[in-house]
Visitor: 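Take this structure, written in structure tokens, and hold onto it; I'll ask about it next.
When reading the values below, keep in mind they use all heavy atoms of this one structure, side chains included, and skip hydrogens, waters and symmetry mates.
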Amino acid sequence: MVRTRPRWWLYVLLTLGLVAMIMPFVWMILGSFKTTAEIRQYPTEFLPRDATLDNYTQLFGRLDFATYFTNSVVVAVCVTAGNIVFSSMVGYALAKLDFAGKRLLFGLVLVTLMVPGVVTFVPLFVLTANLGLVNTYPGLILPFLITPLGVFLMRQFMLSLPDDIIEAARIDGANEWRIFLRVIMPLCGPAVATLTILTFLGSWNNFLWPLVVATTEDKYTLPVALALYSVGQNAAQYGLMMAGAVVVVVPVLVVFVALQRFFVQGIALTGIK
């Protein structure tokens with residue numbers, strides 16, 4: 001029996017990488033309990049000298065936190081649900097159905113996947129404004145209900161599913177809708193979990209589009225509200241920024257922890273490295 005020597009250097013390297021990754025989050029959490037003056041002082045102290053909850057009191061008390069949080073939840077949940085439904089439909093069609101122009105359509109998906117979002121930002125806003133959707137929930141949600149990445153991810157995963165189960169369902173008399181809902185989707189748990197995490201994260205942290213489309217406070221999302229109200233006339237309120245960032249990160253962590261097992265499977269099975 002051959003004994004493998006422990007690669008202690010690999011564990012040390014991974015530990016250093018882990019520390020480097022979590023250090024900004026630790027600094028953010030500690031900074032949320034500091035005053036702005038203490039954050040800006042030099043040399044900077046790692047631990048709070050006099051820990052305070054004033055930043056959180058100001059965040060939940062002075063700002064209309066409930067409205068901003070609700071707006072973020074509504075937009076993120078609707079965008080995520082829309083991507084799961086529509087990306088799965090298009091992915092199923094591109095993976096398992098035969099129709100004219102299938103390769104061309106998938107090529108267009110790949111092309112749009114490589115187009116930067118800033119290129120389509122202005123035309124998308126003009127279209128939204130012409131439809132009268134500025135400062136509305138549909139204006140915040142509709143442009144992101146389906147994404148090229150979601151279509152690509154679902155298509156790649158569905159390609160790995162055997163065609164025999166689809167043929168068996170067709171022999172039993174099931175139509176395409178029934179096959180999609182009862183046969184294909186129950187097998188797409190890892191891909192759906194991966195798409196859920198990626199879409200929710202992107203929508204929850206989206207800043208530029210809500211900043212432009214939402215013109216009144218009752219439609220602001222959390223990132224927009226924090227950016228606007230944490231900057232005073234004289235200086236930025238870094239303590240309030242840190243507290244707001246902690247609150248914004250929590251839902252994302254909850255979603256990731258709940259779906260991390262499926263997320264790893266989805267990344268491994270869809271070929272996204």
Side-chain angles (χ1 to χ4, degrees), residues 24-25 27-29 31-36 39 52-84 116-147 149-150 196-256:
F25 294 97
W27 173 257
M28 176 182 68
I29 295 173
S32 67
F33 296 101
K34 297 179 181 179
T35 62
T36 299
I39 294 175
T52 177
L53 294 176
D54 290 344
N55 296 318
Y56 290 97
T57 302
Q58 187 177 5
L59 176 66
F60 293 106
R62 194 188 74 177
L63 302 182
D64 191 1
F65 180 82
T67 299
Y68 307 142
F69 185 82
T70 301
N71 291 340
S72 292
V73 170
V74 169
V75 173
V77 169
C78 291
V79 169
T80 302
N83 269 270
I84 293 173
V118 294
V119 175
T120 60
F121 187 88
V122 173
L124 191 59
F125 176 76
V126 172
L127 179 61
T128 302
N130 290 338
L131 293 175
L133 299 180
V134 174
N135 201 38
T136 63
Y137 282 126
L140 294 170
I141 296 171
L142 288 178
F144 307 100
L145 279 183
I146 185 170
T147 59
L149 178 60
T196 298
I197 293 175
L198 296 178
T199 305
F200 186 87
L201 177 62
S203 180
W204 184 265
N205 292 332
N206 193 6
F207 173 75
L208 188 57
W209 182 257
L211 176 66
V212 174
V213 174
T215 57
T216 58
E217 294 184 7
D218 62 315
K219 292 296 186 296
Y220 285 170
T221 58
L222 266 179
V224 174
L226 291 174
L228 294 179
Y229 293 113
S230 60
V231 180
Q233 294 181 351
N234 299 321
Q237 303 179 48
Y238 293 110
L240 182 59
M241 282 186 181
M242 298 289 185
V246 171
V247 175
V248 169
V249 166
V250 169
V252 177
L253 292 179
V254 171
V255 173
F256 179 78

Visitor: Please report the shortest heavy-atom distance between Val247 and Pro251, naming the atom on each side.
Guide: O-CD, 3.1 Å
Visitor: Are the side chains of Phe144 and Asn206 in touch, meaning some heavy atoms are under 4.5 Å apart?
Guide: yes
Visitor: If every non-hydrogen atom of Thr70 is compared with every non-hydrogen atom of Ala66, which pair is closest and at what distance?
Guide: OG1-O, 2.7 Å
Visitor: Compare all side-chain heavy atoms of Trp204 with those of Pro223 and state whether any distance is below 4.5 angstrom.
Guide: no
Visitor: If you compare all heavy atoms of Cys78 against all heavy atoms of Ile141, which two are closest, and at what distance to 0.1 Å?
Guide: CB-CD1, 3.7 Å
Visitor: Around atom CZ of Phe25, are there more than 12 heavy atoms from other residues, nucleotides or ligands closer than 6.0 Å?
Guide: no
Visitor: Rounded to the nearest 0.5 Å, how far apart are CD1 of Ile146 and CD1 of Ile84?
Guide: 12.5 Å
Visitor: Roughly how far, to the nearest 0.5 Å, is the CG atom of Leu222 from the OH atom of Tyr68?
Guide: 9.5 Å
Visitor: When you compare the side chain of Val249 with that of Met28, does any pair of heavy atoms fall below 4.5 Å?
Guide: yes
Visitor: Distance from Lys219 atom NZ to Leu140 atom CG, nearest 0.5 Å?
Guide: 8.5 Å
Visitor: Would the distance check show the side chain of Ser203 and the main-chain N or O of Phe200 forming a donor-acceptor pair, the cut-off being under 3.5 Å?
Guide: no
Visitor: Assign the ring pair Phe33 / Tyr56 to parallel, tilted or perpendicular, where the plane angle (0 to 90°) is split at 30° and 60°.
Guide: tilted
Visitor: Please report the closest heavy-atom contact between Pro138 and Pro143, naming both atoms and the distance.
Guide: O-CD, 3.9 Å
Visitor: Apply side chain to side chain contact (heavy atoms under 4.5 Å, CB included) to residues Trp209 and Thr128 and explain how you reach the verdict.
Guide: CA-CA 11 Å; Trp209 182 257; Thr128 302; 3.6 Å; yes
Visitor: Kindly indicate whether the side chain of Val75, heavy atoms from C-beta on, has any atom under 4.5 Å from the side chain of Pro210.
Guide: no
Visitor: Kindly indicate, with the supporting measurements, whether the criterion side chain to side chain contact (heavy atoms under 4.5 Å, CB included) is fulfilled by Asn135 and Val213.
Guide: CA-CA 5 Å; Asn135 201 38; Val213 174; 5.8 Å; no
Visitor: Just by modelled atom types, is the Thr147 backbone N or O under 3.5 Å from a matching donor or acceptor in the Asn83 side chain?
Guide: yes
Visitor: Is Thr199 reaching over with its side chain to a backbone N or O of Thr196, donor-acceptor style, under 3.5 angstrom?
Guide: no
Visitor: With the side chain counted from C-beta on, respond yes when Tyr220 and Thr67 share a heavy-atom pair under 4.5 Å apart, and no when they do not.
Guide: no
